[in-house]
Number of protein chains: 2
Amino acid sequence: MSKPATITDVARLAGVSITTVSRILNNKPDVAQATRQRVLDAIQQLNFTPHVQAQRLAAGKSQSIAVLYPSDSLGFTELEFEFFVGASQVATKAGFLFNLIVTPMNEQTLLNLYRSNQVDGVILMEVHLNDRRVAVLRERGYPFVLIGRCTENTGLSTIDLDFETAMLLACEHLYSLGHRHIGFTNLIGARAGYGPAIRSLWGYQRACEQFGIEPIYRELKPTIDELYRATEALLDEQPGMTAMITLHTGPLVGAIRAAQNRGLCVPDQFSIVGILSDQMAQFISPPLTAISFPAQLMGSRAAQMLIRKLQDADYEDKQVLLKPRLVIRDSTAPARTSER
Amino acid sequence: MSKPATITDVARLAGVSITTVSRILNNKPDVAQATRQRVLDAIQQLNFTPHVQAQRLAAGKSQSIAVLYPSDSLGFTELEFEFFVGASQVATKAGFLFNLIVTPMNEQTLLNLYRSNQVDGVILMEVHLNDRRVAVLRERGYPFVLIGRCTENTGLSTIDLDFETAMLLACEHLYSLGHRHIGFTNLIGARAGYGPAIRSLWGYQRACEQFGIEPIYRELKPTIDELYRATEALLDEQPGMTAMITLHTGPLVGAIRAAQNRGLCVPDQFSIVGILSDQMAQFISPPLTAISFPAQLMGSRAAQMLIRKLQDADYEDKQVLLKPRLVIRDSTAPARTSER
DNA sequence: AACGCTTTCGGTAGCGTTTCCAGTATATTG
DNA sequence: CAATATACTGGAAACGCTACCGAAAGCGTT
């Protein structure tokens, strides 16, 4: 574990000043081709790698970004993971360090992240319509992007799935299959200001109006048990219900099991549409008809936006809204005319 | 985005030298109670947070660890994710930055990670029995720990699940339910030196000997399709097979579907045992009897070991082998005496 | 021959900490 | 009461790099 070579060693070996070496390291102009080669050889020979802490201290930048996913929220499924992988890949490629922070942060610790130069910018997940974190960061002018949206998004960089359209698509699909009684179990938090919940509800309500069907609605916590019980309850109360949409990702099996336990075969007697990543949808039996959740894409786009924002002083903030895509698999089927 | 306060500002405001402030920041002794309070007040008042890059440069430590998960290997499931979360939580709590690196690294870039002071130590995942990375790092004396094991582990810090015992447990469970023809689909790579595959195979072979049953064995890639086809093939070739164990985590549904497609109800006519995290096992229909894979625990233990190794000069390397636990759910049932 | 331009390079002052060493005042000891 | 230990504090040199500024050298222009 001998001490690694420093820029001084390289300079000495190449017979130049450290300034020149620094120029080459940072691809600055004003250096003769011959000198450049000599320095590169020296670097090679010494196995030199610049000391990142020193670089960052001198440059006044941390060259790293973080994703904040407060783990007290919904827990982890593959979906969150796909966000991280997407962001991580982009960051690494752009020469940024990627930090995943799952510990919930208060305002202080959030600001300290910037003040201590730990990160140049962050990606916020699980944002609420009226998110304190957003207010605090915006006020201080610290760079960040949101996965999700707030009520007021001007001047913010956001990326989000268009949940409203997603619900429309799902309803439309089921309606066209002949279903006229379509339930919807939403994530909890529509009242508390949780974006996906609210916007999904809007979409569902609009679809119901448009198709002239009666809403059958529940909000519940994301556990298998909750969804199981809720599905049972809905089936009891709404004997005509032949299909269901749920925003719950992992716990979705609860709905399938509840239906099957009633002797309702999915999809022949009961159709289910979810919102999941393609991989997750395939890992379920039966393979799920679902709005495809492009989590990895969203993660990488978010990282791209953030990094461009950091590098390009007059980068213009954008609010990206991804068009949802419905992938039809084996959990939806035409409604039987003579129902149950 | 005004410039954050520095240690000099704090020192000036408190009327002390920066040395004293530094002492307090690092909980060093030799500072009067009154002075400490005065400085703490100043820190509070200025919202001061030490500049991490500067701290690390001066201290010669990066205070960060990384997990290397080469994404070209098996892809991502919830399982990998749980590793990361476990490690990340421990790291954050210990004041370490946590870096997730999914880009595959060659020897050079791996070493550069240390040389450039980006990390103090790493956690290696997906290690092979004869892993180049291990050789390189060991030779240089760079700190690391393994999730998994090598052939020769003396002087290494490792943590691994006892796959051999795991297979014994699974077989035992099925045997005691009356199954006498038990298939096993393994991850690919037993020959190439992939630890889990090899050790599972050993366990399976031992169990077969012990219970006097005939091995029914396949190695395949971790995709749903592969597992589906393999299960079909096994059912064709081995009409007596009433149960199956698989090391494939996510794609496991392929086996379930294949059985169900044959009209074999799981578990009444066909039993399946997997190796999954508890959460994943519950997300499958039917809830899966499985060896519980304590991924999060393993991640956090690995991080703990690494950090202790970094902080404690004479820390003794340990090879931890976690005892597996079988959780019985609804995918296994007694073998029917009059089979198919 | 004097001037200015371009290209290429080096000197050096930071960046914000930690840490070693030396110093002062106070307390303890024989 | 001198001598020595003890508690506390400050000065200044690193840590390894970037970035500003200025200088030297080569070349064409007037």
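Naming: A, B, ... by sequence-line order, numbering from 1 per chain.
Residue T6(B) is classed as a sugar-phosphate contact, given heavy-atom separations below 4.0 Å to backbone atoms only. Within 4.0 Å of T20(B), counting heavy atoms only, lie sugar-phosphate atoms of the nucleic acid but no base atom. Here K28(B) lies in heavy-atom contact (under 4.0 Å) with sugar-phosphate atoms only. Residue contacts for P29(A): at a heavy-atom cut-off of 4.0 Å it reaches no nucleic acid atom on any strand shown. Base contact: S22(B) has a heavy atom under 4.0 Å from a base atom. Residue-level contact check: N117(B) touches neither bases nor backbone, having no heavy atom under 4.0 Å from any strand. Among the heavy atoms of the strands, none lies under 4.0 Å from V52(B). Residue contacts shown for R56(B) are absent, as no nucleic acid heavy atom lies under 4.0 Å away.
For I18(A) and dT18(D), the CD1 to C1' distance is 9 Å, given to the nearest whole Å. Taking atom CG of residue D30(A) and atom C1' of nucleotide dC9(C), one finds them 9 Å apart after rounding to whole Å. In this structure, CZ of R12(B) is placed 14 Å from P of dG10(D), rounded to the nearest angstrom. Between the C1' atom of dG10(D) and the CD1 atom of I7(B) lies a distance of 13 Å, rounded to the nearest Å. The distance between atom CD of Q118(A) and atom C1' of dT17(C), rounded to the nearest whole Å, is 15 Å. Atom CD1 in I24(B) sits roughly 15 Å away from atom C1' in dT17(C) (whole-Å rounding).
Between S17(B) and dG10(D) there is a side-chain N or O to OP1 or OP2 distance below 4.0 Å.
Set against dC20(D), dG16(D), dC20(C), the side chain of R23(A) has dC20(D) as its closest nucleotide. Here the nucleotide nearest the side chain of L25(A), chosen from dT17(C), dG11(D), dT18(D), is dT18(D). If you check dG16(D), dC9(C), dT17(C) against the side chain of T35(A), the one that comes closest is dC9(C). Taking only side-chain atoms of T19(A), from C-beta outward, the nucleotide of dC17(D), dG10(C), dT18(C) with the closest atom is dG10(C).
The residue among Q33(B) and L57(A) whose nearest nucleotide of DNA chain D lies closer to the 5′ end is Q33(B).
Side-chain N or O atoms of Y114(A) include none that pairs as donor or acceptor with a backbone N or O of L137(A) at under 3.5 Å. Side-chain N or O atoms of S116(B) include one that pairs as donor or acceptor with a backbone N or O of N112(B) at under 3.5 Å.
The aromatic rings of F293(B) and F83(B) lie perpendicular to each other, with more than 60° between the two planes, well past the 30° mark.
Going from atom NZ of K318(A) over to atom CZ of R308(A) covers 5.5 Å, rounded to the nearest 0.5 Å.
Looking only at atom types and distance, the side chain of T154(B) has a donor-acceptor partner in the side chain of E152(B) under 3.5 Å away.
For dG16(D), its base never sits under 3.5 Å from the side chain of T8(A) at any donor and acceptor pair.
Contact detail for M125(B) and I147(B): the closest heavy-atom pair is CG-CD1, 4.0 Å.
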